[in-house]
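The structure's right below; bear with me while I get my questions together.
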Amino acid sequence: MKTRITELFGIRHPIIQGGMHYVGFAELAAAVSNAGGLGLITGLTQRTPELLAKEISRCREMTDQPFGVNLTFLPTLSSPPYPEYIAAIAEGGVRIVETAGRSPEAYMPAFKKVGIKVIHKCTSVRHALKAEAIGCDAVSVDGFECGGHPGEDDLPNMILLPRAAEELKIPFVASGGMADARSLVAALALGAEGMNMGTRFVATQEAPIHQNVKDAIVAATELDTRLVMRGLRNTERVLTNSSVEQLIRIEKEKGADLKFEDIIDQVAGVYPRVMLQGEMDAGAWSCGMVVGLINDIPTVQELIDRIMEEAEQLIVQRLAGFLEPALA
């Protein structure tokens, strides 16, 4: 399948693996790229630029296909050494970066200087237009369904994607609620040129995380995610567990007086305990509503092959079948 996204990134299929904390290691990124999609190493999971350089080198040994690095710009007082991370990416020969969080505007000259293509994650059309204006090559448009941070506008993809298509000139992919061929075909119909999957790729054999996490995703339904930190305007969609329910009780008790310090036990340092050690009640961890569509744990190759085969069937057979034959 050829779209502006496959052309831009030199990949066979318009499927991107989103950056995910303590999930986006070389094993998963390489598997996605080998299967024809675009795999991403999660940059800040690597605690130093030197460790990121080693992870890029590991990934290079596992695939000869294009892969990228996710780099999230955090609103913190003690920011990571982003110039050094960018240098590690460039020196590792990576030419695709997915940016997220705050605007990457300050770092765009550094990306462009070394020929890195940037796809920025956005949860609104206005942010997508800003990304286009500062020189991003593409954007990933995240609907309200997504795991992690869906923004504060609460727009689902049925509205957000057509609006993005009306406004943007650069290509974009759909993110949030993406799991299968139906997701891809719907995203294309709504104006996207591919899709970004996060939670779906967590439940694959190559995802280098604890089996408990994969089993929890398969067991969950679309009703099992919660929105937390709304009062802090840092909304995050997470899979429910006992720690999340406790977090929600604290939010209700504190109301408008809620401070981050009140919930730090439920959100800080959670990912290594969940993803690596399998402590499913350790705290709040990002997960999309798409868990309701995930029922197995295939290999990445099996998943992507299935998506592309079924997408072709949907387009050529089911959708084309609705059209009346032209009158003679």
Side-chain angles (χ1 to χ4, degrees), residues 5-6 8-73 80-101 104 107 110-111 114-121 137-138 140 173 175 194-210 213-214 271-272 275-276 297-305 307:
I5 286 294
T6 63
L8 179 65
F9 296 131
I11 55 179
R12 299 194 304 277
H13 307 310
I15 298 174
I16 298 174
Q17 165 241 319
M20 295 171 285
H21 206 32
Y22 280 88
V23 180
F25 293 100
E27 291 86 349
L28 180 58
V32 173
S33 290
N34 283 334
L38 178 65
L40 295 175
I41 294 169
T42 305
L44 295 187
T45 293
Q46 305 300 320
R47 296 186 307 279
T48 67
E50 292 77 18
L51 287 173
L52 176 58
K54 291 180 180 179
E55 194 70 5
I56 290 170
S57 180
R58 282 209 316 128
C59 194
R60 188 75 64 196
E61 293 173 358
M62 299 177 194
T63 183
D64 60 359
Q65 299 300 307
F67 65 90
V69 172
N70 164 278
L71 199 56
T72 298
F73 294 104
Y82 288 115
E84 287 83 355
Y85 274 100
I86 294 170
I89 293 168
E91 290 166 9
V94 176
R95 292 297 178 263
I96 303 167
V97 168
E98 176 194 62
T99 57
Y107 301 98
F111 289 131
V114 293
I116 288 176
K117 295 181 174 68
V118 176
I119 178 169
H120 185 59
K121 296 192 76 173
D137 301 278
S140 176
V173 297
S175 183
M195 67 178 179
N196 178 304
M197 299 195 303
T199 304
R200 172 67 270 198
F201 277 124
V202 177
T204 57
Q205 292 181 27
E206 289 90 345
I209 59 173
H210 201 283
V213 182
K214 303 179 187 184
Y271 281 86
M275 297 298 172
L276 303 184
I297 306 172
T299 67
V300 167
Q301 186 75 58
E302 289 168 346
L303 176 61
I304 291 181
D305 285 350
I307 289 172

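Everything numeric in this text was worked out from a predicted model, so none of it was measured. What's counted below: heavy atoms across the whole structure, side chains too, no hydrogens, waters or symmetry copies.
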Partners passing side-chain contact (heavy atoms from CB on, under 4.5 Å) against Glu50 (at least two apart in sequence or in another chain): Thr48
Counterpart residues, side-chain contact (heavy atoms from CB on, under 4.5 Å), relative to Lys117 (two or more places apart): Leu8, Phe9, Asp137
Residue list, ring pair (Phe, Tyr, Trp, His ring centres under 6.0 Å) with Phe73, at least two apart or on another chain: Tyr82, Tyr107
Verdict with reasoning, Gln65 to Ile11, per side-chain contact (heavy atoms from CB on, under 4.5 Å): CA-CA 8 Å; Gln65 299 300 307; Ile11 55 179; over 6 Å; no
Test item: Val300 and Phe201 side chains (from C-beta on) under 4.5 Å apart, heavy atoms: yes
Output side-chain donor-acceptor pairs under 3.5 Å for residues 28-37, partner residues at least two apart or in another chain, one line each.
unit_1: Ser33; atom_1: OG; unit_2: Ala29; atom_2: O; d: 3.3
unit_1: Ser33; atom_1: OG; unit_2: Gly39; atom_2: N; d: 3.0
unit_1: Ser33; atom_1: OG; unit_2: Pro66; atom_2: O; d: 2.7
unit_1: Asn34; atom_1: OD1; unit_2: Thr63; atom_2: OG1; d: 2.6
unit_1: Asn34; atom_1: ND2; unit_2: Ala30; atom_2: O; d: 3.2
unit_1: Asn34; atom_1: ND2; unit_2: Met62; atom_2: O; d: 3.1

Within residues 60-71 or reaching into it, pairs that qualify as salt bridge (charged side-chain N to carboxylate O under 4.0 Å, His left out) - sequence neighbours excluded: none
Where at least one partner belongs to residues 85-101, residue pairs that pass side-chain hydrogen bond (donor to acceptor under 3.5 Å, both in side chains), sequence neighbours excluded: Asn70-Glu98, Glu98-Asn196, Thr99-His120
Pairs where residues 197-208 contributes a residue and the test side-chain hydrogen bond (donor to acceptor under 3.5 Å, both in side chains) is met, not counting sequence neighbours: Arg200-Asp296
With sequence neighbours excluded, residues passing ring pair (Phe, Tyr, Trp, His ring centres under 6.0 Å) with His210: none
Nearest-0.5 Å distance that lies between atom CD1 in Ile119 and atom CG in Leu38: 8.0 Å
Closest heavy-atom pair and its distance - Pro14, Thr6: N-CG2, 3.6 Å
Main-chain N/O of Gly18 paired to Lys121 side chain as donor or acceptor, under 3.5 Å: no
By salt bridge (Lys or Arg N to Asp or Glu O under 4.0 Å) - contacts of Arg58 (at least two apart): Glu27, Glu55
Residues in side-chain hydrogen bond (donor to acceptor under 3.5 Å, both in side chains) contact with Glu302, at least two apart in sequence or another chain: Thr299
Salt bridge (charged side-chain N to carboxylate O under 4.0 Å, His left out) pairs, two or more places apart, involving residues 32-47: none
Trace of the side-chain contact (heavy atoms from CB on, under 4.5 Å) decision for Thr72 with His21: CA-CA 10 Å; Thr72 298; His21 206 32; over 6 Å; no
